[in-house]
Amino acid sequence: MKLKALIVLFLMGSMSLMAQKSYQLQSPDKKLQAVVTVGGDIRFSFTHDGTEVLAASPISMTLQNGVVLGASPKVSKVLKAAVDKVIPSPFYKKTEVQDVYNEMTLSFRGNYGLVFRMYNDGLAYRFTTKMKNDIVVVDEEADYNFSSDHTAFAPYVNSKKATFEEQFMNSFEQPYVHEPITKLNSERLMILPFLVELDGGKKLCITEADLEDYPGMFLNNSTDKPVLKPVFAPYPKVKKQGGHNNLQMLVEEREDYIAKTSGTRAFPWRVFVVSENDKQLADCDMVYRLASPCRLQDVSWVKPGKVAWDWWNDWNIYDVDFRAGINNETYKYYIDFAAEHGIEYVILDEGWSVNMAADLMQVIPEINIPELVNYGKSKNVGIILWAGYHAFDRDMEKVVKHYSDMGVKGFKVDFMDRDDQEIIDFLYRGAETCARYKMMVDYHGICKPTGLQRTYPNVINYEGVHGLENMKWAEKTYDMPLYDVTIPFVRMVAGPMDYTQGAMRNAIRKNYAPIYTEPMSQGTRCHQLATYVIFESPLNMLCDNPSNYNREPECTEFIANIPTVWEKTVALDGKVGEYVAIARLHGDNWYVGALTNWDAREVELDLSFLGDGNYKLELFKDGINADRAACDYKKEVIPVPTDRKVKVKMAPGGGWAAKIYK
């Protein structure tokens with residue numbers, strides 16, 4: 001009997017192996033190799049130049065009717081294509097993005113498919129369905145398997161509540177822990193992007209793209225094996241108004257599914273960016289390439305730019321003869337400041353509408369918006385209004401039309417703090433509604449970008465970043481310079497980020513203290529200046545108050561004149577968590593920025609991208625005493641050396657910023 005049983009098992013195993021089929025795909029440069037195995041389930045794995053990126057990882061999708069897309073799959077058709085095209089930038093005609101990839105589409109019996117797309121810098125896959133009626137997705141499953149217990153840069157959700165249900169409500173802004181996958185806290189959800197250190201100095205950044213009509217993806221780890229699993233917030237069933245100033249919708253009960261959606265559609269891309277060295281991650285547009293094309297016929301009215309911002313500095317202007325606060329006199333002062341420095345916008349952050357009313361048609365008596373809009377128009381300064389999520393969503397069409405007719409240029413919408421299907425649908429509705437009235441939108445209190453800014457270019461920025469606002473309340477032990485030299489390689493892979501920099505009060509490590517009404521930054525003045533080059537941010541804030549900027553004319557002039565969109569980017573150098581250096585081109589001028597963590601550092605930058613010609617550097621570097629007084633800096637104008645090598649010396653928490661011109 002034992003012999004017969006062994007023979008049966010052997011035959012079953014042999015039949016299983018015979019039933020398995022493998023399909024291969026490689027990147028255009030042939031360095032990335034993927035294998036998709038179809039047998040009892042669907043698994044994929046891939047390598048980079050022989051280095052394992054992912055071990056065989058099963059993927060599937062479960063529908064409400066019990067159908068599992070990926071269980072006992074039968075391939076009906078395989079299509080392969082090589083694509084080489086150009087994606088025009090919505091902002092600059094000179095800018096174009098090369099979209100070069102190899103693609104494999106596997107069609108399965110049961111009216112579903114899988115698309116695998118291989119770029120030189122990574123792999124992406126997505127499910128597709130061709131079903132007659134709407135479908136209900138119970139879950140999308142995967143085990144992203146690693147053969148080794150790699151160390152990861154992992155951002156937990158900034159909610160320490162016990163259950164995943166409680167953690168789904170979070171603001172998607174959190175510093176990183178740096179630990180092996182099995183040592184991560186399996187009771188905490190982790191947000192995307194998520195970075196894994198592979199062998200040989202290579203990195204894997206996991207995120208998603210083209211997230212539409214579907215919830216966003218969290219990750220959760222196993223502590224037994226190095227495995228990451230996706231987790232999705234189920235669809236809201238019962239909600240109540242509440243949260244911050246009654247501007248949120250709190251989920252009290254959820255459905256037993258994650259999405260109800262069209263039966264014929266392409267689902268979000270699961271994105272795996274691979275880098276040979278860290279600096280490649282600081283210049284990655286894979287998410288943008290994977291996003292749905294622009295849906296607007298005319299984008300000429302979308303105007304990126306700088307913003308004089310009120311909230312971070314708590315309206316604490318001085319040397320004036322009026323009472324500062326949320327009133328027209330204060331905002332006219334901001335408009336005057338913006339006009340003087342060529343800053344395109346002034347934002348009215350929270351406080352201009354009646355508190356706790358969640359009604360954007362109720363304006364406090366101290367504010368006259370038409371007067372401010374007209375005053376700004378006379379000085380070529382646009383007005384942007386802050387809006388809480390529920391106040392904006394409850395009567396979106398009316399609100400957007402009303403303020404568009406008034407001449408307001410856009411909204412900063414805040415406190416969604418979820419990424420279930422309902423909120424993702426809101427992001428698209430908000431973008432489309434604002435576009436019809438030629439209004440820009442800056443999404444705050446929301447997850448990372450997934451390419452919506454390509455589909456609707458009026459989505460001018462995203463938060464989803466642990467930005468400078470946290471210096472108003474962060475504990476003295478918090479390490480912002482470390483975060484600043486981590487996010488260019490992780491969070492910025494997903495797209496733009498509204499970090500809100502520009503502090504003129506700067507502190508060395510031991511002198512930092514959280515002061516809500518008169519906040520300071522950690523690190524040097526030049527650290528702040530350099531972030532305007534390093535961080536991708538089409539709508540970029542000057543977070544400090546005009547009175548402080550007026551006392552710092554050199555620094556103010558420099559950051560006010562730095563562009564916010566670019567024609568070319570060159571990642572010069574960097575290492576995650578240590579330092580970063582990036583050069584960006586706008587018109588005929590290059591801008592270069594460098595940042596370090598709390599370690600003093602000297603790096604040599606190679607500026608050979610300049611080509612031939614004589615160039616000058618207008619540079620800002622840490623002063624000789626910047627390790628004692630963080631505001632210490634020195635401005636110099638020097639020729640670019642003929643060998644195109646520039647030594648950059650940075651103080652602890654320091655930075656370096658320059659404009660290069662002929």
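Scope of the values below: all heavy atoms of this structure, side chains included, with no hydrogens, waters or symmetry mates.
- Judged purely by atom type and a 3.5 angstrom limit, Glu578 has no side-chain atom pairing as donor or acceptor with the backbone of Gly574.
- For the 3.5 Å distance criterion, the side chains of Ser57 and Asp143 fail to qualify, holding no donor opposite an acceptor.
- Below 30°, between 30° and 60°, or above 60°: for Phe535 and Tyr499 the angle between ring planes is between 30° and 60°, a tilted geometry.
- Counting only distance, with no hydrogens or angles, the side chain of Asn120 and the backbone of Asp29 share a donor-acceptor pair below 3.5 Å.
- Checked options Tyr483, Tyr156, Tyr176, Phe172; the residue passing with His466 is Tyr483 (criterion: ring pair (Phe, Tyr, Trp, His ring centres under 6.0 Å)).
- In summary, the side chains of Asn158 and Glu173 do not present any donor paired with an acceptor at a separation below 3.5 Å, with no hydrogens or angles considered.
- Both the sub-6.0 Å distance and the 45° axial angle are not jointly satisfied by Arg270 relative to the ring of Tyr125.
- Panel note: side chain Ser148, backbone His150; no donor-acceptor pair is recorded below 3.5 Å.
- A side-chain donor-acceptor contact under 3.5 Å links Asn170 to the backbone of Gln167.
- In this model, a donor atom of one side chain and an acceptor atom of the other lie less than 3.5 Å apart for Thr182 and Asp149.
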Should Phe153 and Thr486 be marked as a side chain to side chain contact (heavy atoms under 4.5 Å, CB included) after you check the CA-CA gap, both sets of side-chain angles, and the distance that decides it?
CA-CA 9 Å; Phe153 289 87; Thr486 303; 4.2 Å; yes
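- For Gly451 against Ala291, the heavy-atom pair with the smallest separation is O-CB, 3.3 Å.
- Put simply, the side chain of Ile460 reaches to within 4.5 Å of the side chain of Val302, judged on heavy atoms.
- In the displayed structure, Glu165 atom CD is contacted under 6.0 Å by more than 12 heavy atoms of other residues, nucleotides or ligands.
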Let me see the working for Arg584 and Glu536 under salt bridge (charged side-chain N to carboxylate O under 4.0 Å, His left out), right down to the final yes or no.
CA-CA 10 Å; Arg584 301 187 192 269; Glu536 183 185 355; 5.7 Å; no
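- Electrostatic pairing of Glu166 and Arg254 does not count as a salt bridge here, judged by no charged N lying under 4.0 Å from a carboxylate O.
- Under the ring pair (Phe, Tyr, Trp, His ring centres under 6.0 Å) rule, Phe272 has a single partner from Phe146, Phe116, Tyr144, which is Tyr144.
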Start with the C-alpha gap between Arg454 and Ile87, add the side-chain angles, then the distance that decides, and say whether side chain to side chain contact (heavy atoms under 4.5 Å, CB included) holds.
CA-CA 10 Å; Arg454 178 183 171 193; Ile87 302 172; 3.6 Å; yes
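- Annotation: side chain of Trp269 is in contact with side chain of Val115 (closest heavy-atom distance under 4.5 Å).
- Between the side chain of Asp606 and the main chain of Ser608, a donor-acceptor pair closer than 3.5 Å is present.
- Between the side chain of Tyr235 and the main chain of Glu422, no donor-acceptor pair closer than 3.5 Å is present.
- Without hydrogens or angle criteria, Thr151 side chain to Glu197 main chain gives no donor-acceptor distance under 3.5 Å.
- A 4.5 Å side-chain heavy-atom check between Leu63 and Val137 finds at least one atom pair inside the cut-off.
- The line from CH2 of Trp566 to CH2 of Trp590 is 10.0 Å long, rounded to the nearest 0.5 Å.
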Worked verdict on Ser60 versus Glu141 for side chain to side chain donor-acceptor pair (under 3.5 Å):
CA-CA 5 Å; Ser60 60; Glu141 304 88 5; 2.7 Å; yes
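- Put simply, CG on Leu192 and OG1 on Thr207 are 5.0 Å apart, with the number rounded to the nearest 0.5 Å.
- Salt bridge absent: Asp573 and Lys279 never bring a charged side-chain N and a carboxylate O closer than 4.0 Å.
- Between Asp283 and Thr569, the side chains place no donor N or O within less than 3.5 Å of an acceptor N or O (distance only, hydrogens not considered).
- To the nearest 0.5 Å, atom CD of residue Gln64 and atom CD of residue Glu255 are 8.5 Å apart.
- Using a cut-off of 4.0 Å between Lys/Arg side-chain N and Asp/Glu carboxylate O, Asp121 and Arg289 are scored as salt-bridged.
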Side chain to side chain donor-acceptor pair (under 3.5 Å) between Ser186 and Asn221, worked out
CA-CA 5 Å; Ser186 61; Asn221 67 296; 5.2 Å; no
What do the steps show when you test Leu114 against Ile59 for side chain to side chain contact (heavy atoms under 4.5 Å, CB included), and what is the final call?
CA-CA 10 Å; Leu114 271 168; Ile59 52 177; 3.9 Å; yes
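- Nearest heavy-atom pair, Asp442 versus Tyr462, reported as atom, atom and distance to 0.1 Å: OD1-N, 3.9 Å.
- Val36 has its side chain out of reach of Leu25: every pair of non-hydrogen atoms, C-beta onward, lies at least 4.5 Å apart.
- For NZ of Lys161, the number of neighbouring non-hydrogen atoms (other residues, nucleotides, ligands) closer than 6.0 Å is 12 at most.
- Looking at heavy atoms from C-beta onward, Cys205 lies out of side-chain contact with Met286 at the 4.5 angstrom threshold.
- Under the 3.5 Å distance criterion, the side-chain polar atoms of Asp278 are left unmatched by any main-chain donor or acceptor of Leu281.
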What do the steps show when you test Glu276 against Lys31 for salt bridge (charged side-chain N to carboxylate O under 4.0 Å, His left out), and what is the final call?
CA-CA 10 Å; Glu276 295 182 70; Lys31 289 186 177 182; 3.1 Å; yes
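- For the 3.5 Å distance criterion, the side chains of Glu52 and Ser147 qualify, holding a donor opposite an acceptor.
- Aromatic ring centres of Phe168 and Phe218: separated by under 6.0 Å.
- Here the side chains of Ile446 and Leu427 are in contact, with some heavy-atom distance below 4.5 Å.
- Ring centroids of Tyr214 and Phe267 are separated by less than 6.0 Å, placing the two rings close together.
- A heavy-atom distance below 4.5 Å is found between the side chains of Leu605 and Val592.
- Using a distance-only test at 3.5 Å, with no hydrogens or angles considered, no donor-acceptor pair links the side chain of Thr62 to the main chain of Val138.
- Residues passing the ring-ring contact (aromatic ring centres under 6.0 Å, His included) test with Phe489: none are found, sequence neighbours excluded.
- Side-chain polar atoms of Thr264 and Lys130 form no donor-acceptor pair below 3.5 angstrom.
- When side chains are defined from C-beta on, Leu607 counts as touching Phe609, because their heavy atoms get closer than 4.5 Å.
- Between Thr37 and Gln20, the side chains place no donor N or O within less than 3.5 Å of an acceptor N or O (distance only, hydrogens not considered).
- The only member of Ser537, Pro457, Pro538 that meets side-chain contact (heavy atoms from CB on, under 4.5 Å) when paired with Pro304 is Pro538.
- Heavy atoms from other residues, nucleotides or ligands lying under 6.0 Å from NZ of Lys183 number 12 at most.
- Surrounding CZ of Arg295 are more than 12 heavy atoms belonging to other residues, nucleotides or ligands, all under 6.0 Å away.
- In summary, the side chains of Ser292 and Asp210 do present a donor paired with an acceptor at a separation below 3.5 Å, with no hydrogens or angles considered.
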Please walk me through it: do Tyr579 and Asp599 pass side chain to side chain donor-acceptor pair (under 3.5 Å)?
CA-CA 9 Å; Tyr579 70 103; Asp599 294 328; over 6 Å; no
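- Arg126 places no side-chain N or O within 3.5 Å of a backbone atom of Ala209 that could act as its donor or acceptor partner.
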